[in-house]
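A short write-up of the structure that comes next.
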Amino acid sequence: MSLEKSYEPKGFEQKRYEFWIKNGCFESSDNPVPGQKSYSIVIPPPNVTGVLHMGHAVMLTLEDILIRWRRMHGDNTLWLPGTDHAGIATQTQVEKQIAKEGKGPTGKPLTRHDLGREKFLERTWKWKEDHHGGITGQMKRLGCALDWPRERFTLDDGLSKAVREVFVKLYDEGLIYRGDRIINWCVRSQSALSDLEVIPTERKGNLWHLRYAIVNNRGEAVIDPATGKPTMLVIATTRPETLLGDTAVAVHPEDDRYKHIHGQFAILPLVGRKLPVITDEYVDREFGTGALKVTPAHDFNDYDLGQKHKLETLSVMGLDGKITASGGIYAGLKFTEAREKIVADLDAAGLLAKVEPHSHKVGLSERYGEVVEPVISKQWFVKIAPLAKPAIDAVRSGQIEFAPKNWEKTYFEWMENIRDWCISRQLWWGHQIPAWYCDDCGETTVAREDVKACSKCKSLSVKRDEDVLDTWFSSALWPFSTLGWPDKTKALETFYPTAVLETGFDIIFFWVARMIMMGIHFVGDVPFKKVYMHPMVRDEKGEKMSKSKGNVIDPLVLIEEHGADPLRFTLASMSGQGRDIKLSVDRVEGYRAFANKLWNATKFLHLQLEKSDEIPNSGPLAEPVEGAEAWLKKNFKTLAPANRWILSRLQSTIQTVEKGFANWEINDSTNAIYEFAWLEFCDWSIEFAKLPFRRGGKEREESLITLHYVLESTFKLVHPIMPFVSEELWDSLPWKKPANTPVRARDGKPPVATLSFQAFPVTDPAFRDEAAELEMGRLKAVIEAIRNFRGENNLSPKKDFVLHVATKDAGAKAFFAAYANDIIQLARVTKIEANTVGNSVSKFEAMIPLANPAAELRISLDGLVDVEEERKRVRKEIEKTKVDLAHVEGKLSKESFVAKAPKELIDKTRAEAEAFKTKLAGFEVALKKLGV
RNA sequence: UGGCCCGUAGCUCAGUGGGAGAGCACUACCUUGACACGGUAGGGGUCCGCGGUUCAAUCCCGCGCGGGCCAACCA
């Protein structure tokens with residue numbers, strides 16, 4: 001099989017993916033073979049109508065790496081795909097669409113109410129069907145090894161059944177209740193929101209200081225001892241309109257300014273209502289005037305205060321965004337209008353002490369960015385504390401581990417201060433709450449099956465609750481609902497608990513914590529054993545990507561331009577960072593070059609394997625009958641050092657890559673592969689092999705077998721990260737085996753040639769060779785010293801020169817005898833001639849002293865380079881060596897170092913000092929040779 | 001206010017209790033039979049500051065400074 005000139009991902013990515021799907025490469029089994037471990041990950045389901053963004057790309061890449069890696073290790077691997085119905089987001093999109101289509105009966109744009117619930121849901125389902133292929137298709141383009149036949153959707157029948165089961169059970173256990181509570185109300189969407197869906201945002205506003213007259217229980221003014229006049233309590237507020245709902249004022253019990261008003265009453269400005277003065281340590285004496293107006297119906301903290309002090313709760317702000325009838329003369333005004341009017345009226349009445357600018361946090365709807373009002377409303381809640389406790393314990397006891405570990409702290413902090421979860425939403429797109437209210441007796445019936453009659457009075461006049469559940473309610477069940485729960489399925493038995501939950505830290509509370517609670521409560525076991533948090537992707541400046549800023553880097557564009565693999569490699573290599581990834585396109589281009597490098601190395605190997613022209617004994621080479629690996633192992637001792645060296649380096653690489661995958665340090669894996677493949681294999685191994693390739697015969701065969709084996713191993717190592725290009729190149733190799741994971745062989749499926757079914761490399765001590773690594777290190781240093789001479793003198797590679805070598809001992813002599821040809825080849829030397837120590841080869845010469853191998857290298861400068869240039873080079877070397885020597889000698893001259901440092905370190909340092917001295921002396925001689 | 005993360009070459013980032021690294025960018029030379037998405041050589045850093053522990057600190061500890069995130073009861 002011949003390869004294209006260079007890496008062009010468009011030519012093969014789609015084809016490869018189709019091949020994997022056709023052959024069921026990503027499918028898992030409910031019946032693993034005996035002894036086979038199962039490994040499962042459920043995908044964090046993206047919004048079904050969404051478009052793939054960078055956050056998805058990170059998540060999908062990292063999960064795919066784990067899945068492919070475990071599959072190559074022989075596990076029964078399930079990566080379960082699916083999508084989320086995303087209540088508000090999807091409903092809003094459809095509403096926007098129908099609004100464009102026409103006008104309703106009142107002449108306003110068409111709303112969902114004009115269509116009616118049934119019609120609207122039909123439209124939304126169609127919308128879902130139309131868009132579903134978008135996001136799933138994009139996952140496929142990224143190369144995700146998802147088990148597609150098991151794909152689920154949070155509103156499908158099975159999941160709906162699970163949702164219903166959970167709701168009914170929690171209701172029966174008293175953990176779901178309906179009640180009037182303060183909640184976040186979004187006027188725009190006419191729905192309740194959970195705390196998490198409200199984003200506190202800094203807004204500029206004012207602090208209005210209002211005057212409340214203080215009276216006793218008989219209505220007489222209370223005299224302020226400080227002034228001798230009737231007390232006017234000044235209270236600062238950012239929301240004057242809420243005063244209509246005030247039912248108390250509060251001061252700190254220890255605040256001396258206000259001790260005389262304890263137990264008295266305040267007259268509510270404009271309204272005239274008598275409010276009790278309460279004391280509570282919650283009040284901050286430092287803020288404003290140290291006095292607080294309490295509006296239990298429209299502020300979360302005031303609500304708590306109200307509960308504690310048994311205050312009346314008076315709703316004055318309606319769900320329609322207008323002041324309610326309780327607001328007296330202000331009834332019917334919008335909140336903003338009411339504020340203006342009330343402030344004006346207060347001012348007119350002389351009750352406005354002062355106004356000062358003040359910025360404070362206002363809750364905005366996550367979805368619409370509009371102000372969210374705390375109001376009292378009848379909603380459904382999950383009583384969360386009893387569920388949270390075991391979920392906290394599971395993490396504390398280590399049953400679930402977070403990585404990075406510090407996220408556990410965040411988790412605990414939230415879980416220990418958790419509020420009840422408001423789960424009802426006034427939407428249509430979602431799981432409708434399975435509660436029916438009886439018109440006759442008022443009973444609430446909650447049931448698994450749809451209800452026709454009241455469970456208490458049997459009346460047929462029952463109405464179903466119109467609301468749906470928070471989207472996250474169904475997401476919380478995802479790890480087990482997708483596996484068939486509440487039925488006791490084989491899938492559940494095989495794959496629950498899942499191995500890993502991998503996601504962004506921004507949904508720890510929305511999703512991760514809730515899955516843990518629900519999993520433990522309903523399945524009796526944690527839903528996953530590990531939680532891996534990946535960083536957020538930001539732009540080059542570190543800013544959050546957003547459409548409005550126009551700084552979005554579209555992963556699909558990057559895939560289109562550079563291929564899925566370079567993008568994946570980039571994201572994986574940046575995954576080790578703390579919380580943020582600043583993505584730069586440069587990096588993607590760099591890894592595209594890496595893919596191209598692999599491509600060309602493979603092309604070179606093909607060329608060599610097939611070569612049959614002028615060189616003797618160099619026809620197409622077949623794989624050794626026992627296989628390359630066995631052959632190499634058998635002949636390892638007699639292989640050329642360069643071959644033993646790269647095999648040994650491969651072992652270290654395997655070890656690092658494996659450790660990185662296992663310990664959630666995937667960037668270590670990517671770096672190890674990159675450095676091995678490029679800096680060791682391509683830069684040195686291939687270059688060393690060119691000589692034997694040119695000569696033909698046994699040497700050529702040995703190097704070919706080594707290179708083939710190492711390259712194939714590299715493809716296996718990189719496959720989880722870059723599945724497409726690794727498979728394309730691997731498949732082109734002549735000696736590949738269809739399948740070699742033991743599990744696949746027993747699985748009854750026909751073996752197809754794919755890396756998915758290849759065993760992931762495992763380190764083999766038989767291929768470790770420290771002596772070869774040491775020897776090659778020396779050889780590389782010799783070659784680099786000569787290259788440095790050439791480079792520093794700007795010597796064109798075309799300029800030839802002879803290298804004169806004077807060896808100082810038998811070892812050095814043997815060394816140069818063995819590697820003369822390699823040095824000639826790689827350092828671009830015409831030839832090597834033997835010389836004796838100290839023997840000049842011309843009037844001006846470059847002399848390169850070597851410590852190990854002990855030798856002097858000489859190059860005549862006649863007609864080659866400017867002598868002054870070479871002097872500069874040598875002086876530079878001398879300076880460098882002097883700094884090095886001073887450093888180690890400084891250490892050795894300290895008594896405390898010699899007394900306390902480990903012996904090996906001292907020995908090593910002494911040896912280094914000797915080597916630097918030798919080198920320095922050598923270069924000083926060299927400088928003299930240059931006439932200095 | 002509390003918690004967390006980050007501060008290393010011009011840029012994006014690795015890294016280690018014992019002489020500072022990569023990629024990109026930059027300079028010079030090179031179309032050498034895999035690769036110009038390439039090769040070779042090179043320049044460039046008080047590893048944020050100040051203390052402490054240690055024979056030895058960029059790394060560990062403390063205190064600052066700067067940037068970011070999260071949770072929040074300052075109306």
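Here is the naming used below: chain letters follow the sequence lines, and residue numbers restart at 1 for every chain. Owing to the predicted nature of the structure, the values given are computational and were not obtained by experimental measurement.
If you check every strand for non-hydrogen atoms under 4.0 Å, A:E912 touches a base. Nucleic acid contact class of A:R828 (heavy atoms, under 4.0 Å, all strands): base. Among the heavy atoms of the strands lying under 4.0 Å from A:D884 is at least one base atom, whether or not backbone atoms are also near. Counting non-hydrogen atoms under 4.0 angstrom, A:A899 reaches nothing in the nucleic acid. If you check every strand for non-hydrogen atoms under 4.0 Å, A:V283 touches a base. Within the nucleic acid shown, A:K597 comes within 4.0 Å of at least one base atom, counting heavy atoms only. Residue A:K880 is classed as having no contact, given no heavy-atom separation below 4.0 Å to the nucleic acid. Counting non-hydrogen atoms under 4.0 angstrom, A:R592 reaches a base of the nucleic acid. In this structure, A:E687 reaches the bases: a heavy-atom distance under 4.0 Å links it to at least one base atom across the strands shown. Using a 4.0 Å heavy-atom criterion, one finds that A:K891 contacts the sugar-phosphate atoms exclusively. Using a 4.0 Å heavy-atom distance criterion, A:K798 is classed as a sugar-phosphate-only contact. Using a 4.0 Å heavy-atom distance criterion, A:E904 is classed as making no nucleic acid contact. Heavy atoms of A:S6 sit under 4.0 angstrom from at least one base atom.
What separates CG of A:N600 from P of B:G39 is a distance of 10 Å, to the nearest Å. Protein atom CG of A:D866 is 19 Å distant from nucleotide atom P of B:A28, rounded to whole Å. Between the C1' atom of B:A71 and the CD1 atom of A:I508 lies a distance of 12 Å, rounded to the nearest Å. At whole-Å resolution of the value, CZ in A:F412 and P in B:G3 are 17 Å apart. Summarising the geometry, the separation between NZ on A:K5 and P on B:G38 is reported as 13 Å, rounded to the nearest angstrom. One interatomic measurement links the two molecules: NZ of A:K409 to C1' of B:A71, which rounds to 13 Å at whole-angstrom precision. One can place NZ of A:K882 at 18 Å from C1' of B:G19, the figure rounded to the nearest angstrom. Rounded to whole Å, atom P of B:A71 lies 13 Å from atom CG of A:N417.
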Enumerate, atom names and distances included, each donor-acceptor pair closer than 3.5 Å involving a side-chain atom of residues 889-902 of chain A, sequence neighbours excluded.
residue : atom : partner : partner atom : Å
A:S893  : OG   : A:E889  : O            : 3.4
A:S893  : OG   : A:G890  : O            : 2.8

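Checked against salt bridge (charged side-chain N to carboxylate O under 4.0 Å, His left out), A:K10 has the following partners two or more places apart in sequence or in another chain: A:E560. Partners of A:E8 according to the side-chain contact (heavy atoms from CB on, under 4.5 Å) rule, which considers only residues two or more places apart in sequence or in another chain, are A:S6, A:R592.
Comparing B:C55 with B:G45, their P atoms sit 32 Å apart, to the nearest whole Å. Taking atom C1' on both nucleotides, B:A9 is separated from B:G52 by 29 Å, rounded to a whole Å. Using C1' as the reference atom, B:A22 and B:G15 are 10 Å apart when rounded to the nearest Å. Using P as the reference atom, B:A25 and B:G39 are 12 Å apart when rounded to the nearest Å. Of the C1' atoms belonging to B:G17 and B:C61, the separation is 13 Å, rounded to the nearest Å. Nucleotides B:A57 and B:G62 are separated by 14 Å at their C1' atoms, to the nearest Å. When the P atom is compared between B:U58 and B:U8, the two are found 15 Å apart, to the nearest whole Å. Spacing between B:A41 and B:C59 at atom P, rounded to whole Å, works out to 32 Å.
Residue A:E413 places its side chain closer to B:G2 than to any other of B:C37, B:A34, B:G2. Side-chain proximity of A:D668 to B:A34, B:A72, B:G15: nearest is B:G15. Comparing atom distances between the A:Y282 side chain and each of B:A75, B:C37, B:A41 picks out B:A75 as nearest. Here the side chain of A:P797 is nearest to one of B:U12, B:C29, B:G42, namely B:C29. Out of B:C37, B:G15, B:U40, the shortest distance to the side chain of A:N667 is found at B:G15. The side chain of A:T410 has B:C70 as its nearest neighbour among B:A34, B:C70, B:U40. The nucleotide whose nearest atom lies closest to any side-chain atom of A:L292 is, among B:G19, B:A75, B:A72, B:A75.
Within the structure, side-chain hydrogen bond (donor to acceptor under 3.5 Å, both in side chains) contacts touching residues 680-690 of chain A (residues at least two apart or in different chains) are A:R649-A:E680, A:E687-A:K690.
Taking the six-membered ring where the residue is Trp, A:F569 and A:Y674 present tilted rings, their angle falling between 30° and 60°. Between A:F594 and A:Y591, the two ring planes are perpendicular [angle over 60°; tilted spans 30° to 60°]. Relative ring orientation between A:W599 and A:F12 is described as parallel, the plane-to-plane angle staying below 30° on a 0-90° scale split at 30° and 60°.
Distance alone, capped at 3.5 Å, places no donor-acceptor pair between the A:H298 side chain and the A:T242 backbone.
For A:K690 and B:A34, the shortest distance from a side-chain N or O to OP1 or OP2 is below 4.0 Å. Look at A:N301 and you'll find a side-chain N or O under 4.0 angstrom from OP1 or OP2 of B:C73.
For A:E784 and A:R787, the salt-bridge test fails: no basic side-chain N is under 4.0 Å from an acidic carboxylate O. Between A:K917 and A:E912 there is no salt bridge, since no side-chain N of the basic residue sits under 4.0 Å from a carboxylate O of the acidic one. Using a cut-off of 4.0 Å between Lys/Arg side-chain N and Asp/Glu carboxylate O, A:K903 and A:D907 are scored as salt-bridged. Look at A:D668 and A:K659 and you find no salt bridge, because none of the NZ, NE, NH1 or NH2 atoms lies under 4.0 Å from a carboxylate O. Using a 4.0 Å cut-off between charged nitrogen and carboxylate oxygen, A:E792 and A:R873 do not count as a salt-bridge pair.
Base pairing of B:U53: no nucleotide in any strand meets the Watson-Crick or G-U wobble criterion (both distances under 3.5 Å). When Watson-Crick and G-U wobble pairs are counted only if both distances are under 3.5 Å, B:C73 pairs with no nucleotide at all. B:G38 and B:C30 make up a base pair, with Watson-Crick or G-U wobble contacts both under 3.5 Å. Across all strands shown, B:G43 remains unpaired; no Watson-Crick or G-U wobble contact has both distances below 3.5 Å. Remark: B:A25 base-pairs with no nucleotide in the shown strands. Criterion, Watson-Crick or G-U wobble with two distances under 3.5 Å.
RNA chain B is contacted by A:N671, A:Y674, A:W678 of residues 669-681 of chain A, taking any non-hydrogen atom closer than 4.0 Å.
Where A:T289 and A:A886 each meet RNA chain B at their nearest nucleotide, the meeting point lying more 5' is that of A:A886.
Taken to the nearest 0.5 Å, the CD atom of A:Q307 stands 9.5 Å off from the CD1 atom of A:I182.
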Atom pairs under 3.5 Å: protein N/O with N/O of nucleotides 55-60 of chain B:
residue : atom : partner : partner atom : Å
B:C55   : OP1  : A:K900  : NZ           : 2.6
B:C55   : O2'  : A:S896  : OG           : 3.0

